Peer 1: 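Take this structure first; my questions come after.
Owing to the predicted nature of the structure, the values given are computational and were not obtained by experimental measurement. Counting starts at 1 for both ligands and their atoms, following the listed order.
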Amino acid sequence: MIVVMSPSSTKEETKKVEHKLLALGFKTHPIYGEVKTVIGAIGDKRMLDTQLITTMNGVEKIVPIMKPYKLAGKELKKDKTIIEIGDVRIGGEEIVLMAGPCAVEDEEAFYETARKVKAAGAKILRGGAFKPRTSPYAFQGLEEEGLHMLDRARNETGLLIVTEVVDTRDVETVAKYSDIVQIGARNMQNFRLLKEAGAANKPVLLKRGLSATIEEWLMAAEYVISTGNPNIILCERGIRTFETATRNTIDISAIPVVKELSHLPIIADPSHATGTWKYVNALSKAAVAAGADGLLIEVHNEPEKALCDGPQSLKPKKFAELVEELKIVAAAVQRKI
Ligand code: PEP
Ligand code: MN
């Protein structure tokens with residue numbers, strides 16, 4: 001990092017800052033300019049409480065050189081992370097499709113949807129058992145009973161399971177029944193949950209927070225990786241903007257930006273991004289064209305009867321049609337489905 005001294009700072013103050021940095025284990029390289037003095041400080045800033053320096057007399061600001069997300073970033077790991085679960089590889093050449101209803105509801109209908117999304121090309125079945133609903137009066141999910149249904153659907157179809165955990169107390173149970181543990185947008189900065197989900201040793205699907213910057217999102221990933229679990233799939237699911245025509249605004253540019261900054265795979269969720277099934281097709285294709293490693297799409301056998309997110313859910317037939325269109329887009333960007 002570089003410590004920039006204010007133009008009015010004295011030599012004495014610069015020396016004091018240098019001594020403090022040395023005492024904190026940094027190597028220092030002061031450069032005395034005509035107007036401004038800066039101190040190059042070389043060392044690991046991860047554990048540094050920067051206030052120790054910024055509050056010192058004469059200090060104007062600290063300019064970090066390295067990204068704060070050391071493990072999630074590309075500075076220390078250049079090669080892409082590919083997450084292998086069974087014979088599914090996330091982050092490789094293949095674009096991985098995850099599909100299923102917002103919530104696990106009726107068992108028979110769920111299996112039927114599972115079979116249909118599998119036939120269409122999905123490799124991973126989604127379905128919430130613990131639902132983070134905005135209203136406490138809305139359907140909250142079938143909880144453990146829902147996890148058992150997911151488990152049976154996995155046994156019956158061979159699909160892998162991704163499902164959300166909303167509470168640290170349920171991490172162990174959710175991890176036991178799932179192949180990928182999802183952290184939802186509302187919990188992206190629930191740091192205890194991030195750490196516990198990371199420690200559960202299952203790949204973590206980390207959704208972007210409703211109003212999170214890319215840096216905040218990567219810092220949330222850093223929480224998970226720092227538990228020793230490098231298997232994180234980032235998911236762009238739309239962010240809150242001034243626009244009200246769609247439920248959220250999908251940030252397509254986040255896909256190439258994250259690829260530039262991080263080695264982690266990134267997928268997109270066009271369902272929660274738009275809130276309307278009609279737009280899911282176009283944005284799925286846009287996400288794949290922009291380099292997404294996969295898609296998370298809500299599919300429901302009878303969306304009009306869904307207890308959660310029916311308006312944004314595709315019917316299985318529409319999902320199958322979308323997959324055919326996606327194959328063409330994938331081929332155009334040297335990927336496959
Ligand atoms: C979900 O995927 O079921 C969900 C609740 O999504 P998000 O956290 O993106 O709102
Ligand atoms: Mn949903």
Peer 1: Tell me whether the count of non-hydrogen atoms from other residues, nucleotides or ligands lying under 6.0 Å of CD in Glu304 goes above 12.
Peer 2: yes
Peer 1: May I ask you to check if any N/O/S atom from Cys102 comes under 2.8 Å of the Mn ion (ligand 2)?
Peer 2: yes
Peer 1: Under a 4.0 angstrom heavy-atom cut-off, which atoms of ligand 1 come close to Lys207?
Peer 2: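 In order of numbering, the contacting atoms are 1 (C), 2 (O), 4 (C), 6 (O), 7 (P), 8 (O), 9 (O).
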Peer 1: Hey, which N, O or S atom on Asp309 ends up closest to the Mn ion (ligand 2)?
Peer 2: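 Of all N, O or S atoms belonging to Asp309, OD2 is the one nearest the Mn ion (ligand 2).
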Peer 1: What's the atom name of the N, O or S in Glu298 nearest to the Mn ion (ligand 2)?
Peer 2: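 Atom name of the closest N, O or S in Glu298: OE2.
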Peer 1: Mark yes when over 12 heavy atoms from residues, nucleotides or ligands other than Lys70 sit less than 6.0 Å from its NZ; otherwise mark no.
Peer 2: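 Yes, the 6.0 Å shell around NZ holds more than 12 heavy atoms from other groups.
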Peer 1: Any N or O of Asp269 that comes nearer than 3.5 Å to an N or O of ligand 1?
Peer 2: no
Peer 1: Tell me whether Glu164 contacts the main-chain N or O of Phe130 through its side chain, where contact means a donor paired with an acceptor under 3.5 Å.
Peer 2: no
Peer 1: Indicate the atoms forming the closest heavy-atom contact of Val162 with Ile124, along with that distance.
Peer 2: CG1-CG2, 3.7 Å
Peer 1: I'd like the name of whichever of Glu164, Arg186, Arg208 reaches closest to atom 10 (O) of ligand 1 through any heavy atom.
Peer 2: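 Looking at heavy atoms only, Arg186 sits closest to atom 10 (O) of ligand 1.
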Peer 1: Taking only heavy atoms of Arg237, which atoms of ligand 1 are found under 4.0 Å from at least one of them?
Peer 2: 7 (P), 9 (O), 10 (O)
Peer 1: I need the atoms of ligand 1 closer than 4.0 Å to a non-hydrogen atom of Gly184, numbered in the order shown.
Peer 2: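 Answer, ordered by atom number: 8 (O).
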Peer 1: Is it the case that atom CD in Glu243 sees more than 12 heavy atoms from other parts of the structure closer than 6.0 Å?
Peer 2: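 For Glu243, atom CD is crowded (more than 12 foreign heavy atoms under 6.0 Å).
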Peer 1: Is it true that, when you exclude Lys77 itself, more than 12 heavy atoms of the residues, nucleotides or ligands shown sit nearer than 6.0 Å to its NZ?
Peer 2: yes
Peer 1: Closest non-hydrogen protein atom to atom 4 (C) of ligand 1, residue and atom name please, with distance?
Peer 2: His272 NE2, 3.4 Å
Peer 1: Please check whether Ala185 reaches ligand 1 - meaning an N/O of the residue sits under 3.5 Å from an N/O of the ligand, judged on distance alone.
Peer 2: yes
Peer 1: Within a reach of under 6.0 Å around OH of Tyr279, are more than 12 heavy atoms found that belong to other residues, nucleotides or ligands?
Peer 2: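 Counting neighbours around OH of Tyr279, 12 or fewer heavy atoms of other residues, nucleotides or ligands fall under 6.0 Å, so no.
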